[in-house]
Structure formats: C-alpha cells, structure tokens
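Input: a single structure, listed below in structure tokens.
Keep in mind that this is a model prediction, so the values were computed, not measured.
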2 protein chains.
Amino acid sequence: MEKQEIYPKRLDPFPIRSLKKENLGNQAFEQIKQMIVRGEIPAGKRIIESELAESMGISRTPVREAVHKLGAEGFLKPLPKGGYVVRGLGISDIEETFEIRSILESFAAFLAANRHRHEEILPLEEKIEEFQRSLDNNDLKELARLNTEFHELLYALSRSQRLIKMIYNLRDEIYFLRKIILNSIDMARLSNKDHREIINAIEKRQAKTAEMLVRDHILRGKEFVINEIRKGNVSINHHSF
Amino acid sequence: MEKQEIYPKRLDPFPIRSLKKENLGNQAFEQIKQMIVRGEIPAGKRIIESELAESMGISRTPVREAVHKLGAEGFLKPLPKGGYVVRGLGISDIEETFEIRSILESFAAFLAANRHRHEEILPLEEKIEEFQRSLDNNDLKELARLNTEFHELLYALSRSQRLIKMIYNLRDEIYFLRKIILNSIDMARLSNKDHREIINAIEKRQAKTAEMLVRDHILRGKEFVINEIRKGNVSINHHSF
DNA sequence: AAAATGATAAGTGTCTACAGTTATGGAAAA
DNA sequence: TTTTCCATAACTGTAGACACTTATCATTTT
C-alpha cells in the first residue's frame, strides 16, 4: 500500500478552549486532538510522528511534544516498545465516562447554586430560549453548539477552575457522541426541559435539587446513547486491525 | 548569586505508580514531579530546562518533555512568554481539591460497594489492623504509608480506571499535606475508625452509606487541614518572590 | 510450499545546534 | 546618585542528525 494517509481538514468547529495564538507544540496538540476525537484518525492507528509533522509542515519536535501530552491525557495509548496508538472506546469506557461526568457536573451545579450572582442567570435563560427557537424552526444543526454553550456558562458559575477543567476533559473524550442525543428531536426537547428546571433550581439556590437534576439529566443521556449504540444506530470507533 | 541550585535527592518514598523502567522522559517526569510535590523546588520558582537537565545528567529534550507534561497536569504554570513556574496552592486551591476528592472518592466507594468480590475485603481489613497496631505502638511514621495503601486497595474495587487515575492525580497535587492529619494521634484514631465503618458498609453492599461515610471522612480531613493552616501550624508553599 | 535468514526500511528516543526573545548588568549620561 | 541605554547572557522553541530497536520483505534453504 502507498503511503497516503491524508488527514482531512476542519469539518465543523471544535471548541478550542485556549486559543491564544500559541507555539507550534500547542497548535499541534489541538489539531491532533481534534483529529482523534472526531475519529479522523481511526482508533488503533499508530501515531507516526514524522507523518504528522510532514502533513502539518513542521518538524517532529513540536509534534512529539503534542503526542506525548495527548498520551498523558489518555487520548493515545502507549505501545510497549515506544510510540502510541489512538485509543478506542468500548461501551464500558463510554458508560464510565458518563458516570464520572454525572458526578462532576452535578457537583458543579451544586456549587453554581450556591455561588452564582443573580445577573449571571439571564445569559443562561437566553441560551435556553435560543435553543427553543432552533427546535421550533427545526434548525437542528445549531443545537450542539447551543447545548455546549449552555453547559459552559453553567459550569463557570461553580467558580471551580479545576472542576471545570476536569469536566471539559471528560467531555472531549466522548466528543464524537455529542450529537447523538440532539439528533433525536424528542430527546432534544426533553433536554431543554431539563435545562429549564436546572436553571430554576439554581436561581432559587436549591443546590441539592440542582445537583440531582443534573445527575439525572446526564444519566438519561447515557442510557439513550448506550441504547443507540446497542441498537447499532451509532458506531463507535473500532480498532482498525 | 552563583548558579548553585541543588535539587536534593530522595527524602522518603514517593509512590511511583508506573515504575517499569522507562525512557528518560518519563523518569524525568516522575523525578521532577516529586521535587515539586515535596516542595523541594519552591512555588513560584521558574523551571529552567538546562538546569534540570544538567542536574540529572541528561539533555534538555527529555526534560522538556517532562516539564510540558507537568504543565498539562497543572503542577507547573505557564508563563506568558514561554517557560513555566512551579504553581503555588492557596487555601482556596486546597479546599477545592479536597472537595473534588470528596466527590470522586465517595463515588469510588459507591462503586466498590456494588462491584467488589468478597475475597477482596480481607486485605483491607488487614490494613486496618496493621494501622491499629502502629497506632497502639505509637509508630507514627508508618501511618502515612498504610493509609495510602488502604485507600489504593479501596479504589481498586471500584473497577473504574479513569476514576482511579483522577483520584491519584488529585492526591498528588496535595501530597505535601498528607501527613498533617496523621500527625495528630486523635485524628489518626478517628481516621481508622472511619475506615472500619467504610469497609463495613462496603462489605454489606450498602453503597449509599459507604458513599456518605467517605465523603464525610474526607471533608473532616479538609476541615482539620484548613484549620491547621489557619492556625499557622502548617505552612503551605509560598511564592519565592 | 513453508520456514529460516538477513538486508533494508521505518520509527522512536536522544542529543546538539541555532534562531529569536527576554532579562541582566554595567557603563554612560543626567 | 539615579536613570538610560546597550551589549551580553540566559532561555525557550524549533529543527535536524544520529543511534538503536523493531518490523518488513525478498531470497535462500529445506
């Protein structure tokens, strides 16, 4: 077989959290991470530093830096004799990730209920309205973005930088699943209903209620996703060998 | 001032989780991490790659790899114009870390209650007994090790690799605080009493009870530590400038 | 045809060199 | 003496080279 691995260019916007124009190492990190979480590099594929370096027009050094960081963050799995492969996620990995998210995000909601200032609620309500409008217009492609923005606003209210970072990391790990729920119009409606209730509880500083609502929100999402996978409506990354 | 930064050698054993003899990059990672969490490199000190490289007898490349990973994991804070400084922890960082730990570790206990096999309880009970003997003999220097081993055995029962890794990371971040609680004989006794109750609940598969016990266990630890810091009995890293 | 062998290619880990940038310190100017 | 300015030193980021290890594949051997 010819050496013709092509790494496709940007499909749709991936949330780059730290977009201060960075050095090559960090740029490489974000780009490669995108390719992985989107499945553009299939699970099980070995990472070849020189290949990536060439395809990005830079030297191996910054690529290497990026690859090792991705290894440390769990997106790549080290091989016994050096190098990495793209990690694949089995159903139990996905369940695990949803469950930990349910713990962390519900805790963030708990903190948000206690710590938010009143003015900070309005932007969240606006996101909910916007989401609703997109639903009513059947404009489904906006939903993923609005959903992400809603959650990011929400977590910020927890005032816990560490917690937020952990949540983002977990979300990125299952980035490729993010649209499954919202593609079902019924689930999308249910989701926004949840959001309303969550904001309601937070606004009234009912921390325990908010916590419980978020936990159930995420666990319902988990059940739906797992079911879709089991029914074969969604394919998760398979090892390419 | 002369260039004479000396990085002291190993004081007491730091738990190296992956001690398969690694490449220089990973060795450097572990070594530098130790220096940081033990405060051998003071908070606020800028990391100088060539300095570390020389002191470890290797080139800058593997050191650089290690330093960047430590940056990604939060042990080092990036400087606006390149390079890193050792991050310092304020009281609120410490509170934050304890709180997230309380969430994650209590969840691990919840899972452990549901997922453990019966034979796995005995080793935990033995650790508790050993801890008790050390207490009775006033052999306090063993307590930190036994405590760590107990908790590691416990988390393993959760069968959730991701969760365990997150817990370890958080524990490492406040490694330098680990002895404060156990240095108080009263708190150490209380701690082992907690451990007994926790194992009891887990053995009976009372998941919710175990969860609650662990949460309170950790939050009590937090209160104690914060108080010691406030009273000035313990000094947390200060920026060296 | 299957298995063993060895040359070659592929790939990581490590080192060194160098460019560009920021900090330092001392001499010149006020 | 204090401030300004410039040369120099100190570092990081990036590239490229090389050594060593592992995989590949054609050729020989059985």
Problem set entry | Residues that A:R159 engages under side-chain contact (heavy atoms from CB on, under 4.5 Å), provided they are two or more places apart | A:R115, A:R117, A:E120, A:L157

Check nucleotides 13-19 of chain D against the protein and report each pair of N or O atoms closer than 3.5 Å, with its distance, or say if there are none.
from: D:dG13; atom 1: OP2; to: B:R64; atom 2: NH1; distance (Å): 2.9
from: D:dG13; atom 1: OP2; to: B:R64; atom 2: NH2; distance (Å): 3.3
from: D:dG13; atom 1: N7; to: B:R60; atom 2: NH2; distance (Å): 2.8
from: D:dG13; atom 1: O6; to: B:R60; atom 2: NH1; distance (Å): 2.9
from: D:dT14; atom 1: OP1; to: A:L24; atom 2: N; distance (Å): 2.8
from: D:dA15; atom 1: OP2; to: A:S59; atom 2: N; distance (Å): 2.8
from: D:dA15; atom 1: OP2; to: A:S59; atom 2: OG; distance (Å): 2.7
from: D:dA15; atom 1: O5'; to: A:S59; atom 2: OG; distance (Å): 3.4
from: D:dA15; atom 1: N7; to: A:T61; atom 2: OG1; distance (Å): 2.7

Problem set entry | Value in whole Å for how far the P atom of C:dG13 lies from CZ of B:F29 | 15 Å

For this session: With sequence neighbours left out, write down each residue that passes side-chain contact (heavy atoms from CB on, under 4.5 Å) with B:I180, or none if nothing qualifies.
Result: B:L177, B:F224, B:V225, B:E228, B:V234

For this session: Provide, to the nearest angstrom, the distance between the CE atom belonging to B:M56 and the C1' atom belonging to C:dT14.
Result: 14 Å

Problem set entry | Within-4.5 Å side-chain heavy-atom neighbours: B:E149 and B:E152 | no

Problem set entry | Results of ring-ring contact (aromatic ring centres under 6.0 Å, His included) for B:F150 - residues two or more places apart only | B:H195

Exercise. Is the Lys NZ or Arg CZ of A:R171 less than 6.0 Å from the centre of A:Y168's six-membered ring, within 45° of the axis?
Worked result: no

Seminar exercise, completed: Students should find that the end-to-end axis angle of the helix from C:dA1-D:dT30 to C:dA30-D:dT1, with five pairs defining each axis and rounding to 10 degrees, is 10°

For this session: Only counting residues at least two apart or in another chain, list the ones meeting side chain to side chain donor-acceptor pair (under 3.5 Å) with B:E173.
Result: A:R162

Seminar exercise, completed: Residue pairs meeting ring pair (Phe, Tyr, Trp, His ring centres under 6.0 Å), one or both in residues 53-80 of chain A, sequence neighbours left out, come to A:H68-A:Y84

Please enumerate all protein N or O atoms sitting under 3.5 Å from an N or O of nucleotides 6-8 of chain D, with distances to 0.1 Å.
none

For this session: Just jot down the side-chain contact (heavy atoms from CB on, under 4.5 Å) partners of B:R215, sequence neighbours excluded, or say none.
Result: B:S102, B:S106, B:L219

For this session: Return each pair, listed once, that meets ring pair (Phe, Tyr, Trp, His ring centres under 6.0 Å) where at least one residue sits in residues 22-48 of chain B; pairs must be two or more places apart or across chains.
Result: none

Problem set entry | Atom-to-atom span, CG of A:L79 to C1' of D:dT22 - whole angstrom | 12 Å

For this session: Under the side-chain contact (heavy atoms from CB on, under 4.5 Å) rule, collect the residues that match up with B:I103, sequence neighbours excluded.
Result: A:I103, A:F107

Exercise. In whole Å, what is the span from the CD1 atom of B:I48 to the P atom of C:dT22?
Worked result: 17 Å

Problem set entry | B:R46 CZ to D:dT12 C1', straight-line distance once rounded to whole Å | 7 Å

Exercise. For B:H116, which residues count as a ring-ring contact (aromatic ring centres under 6.0 Å, His included) partner, sequence neighbours excluded?
Worked result: none

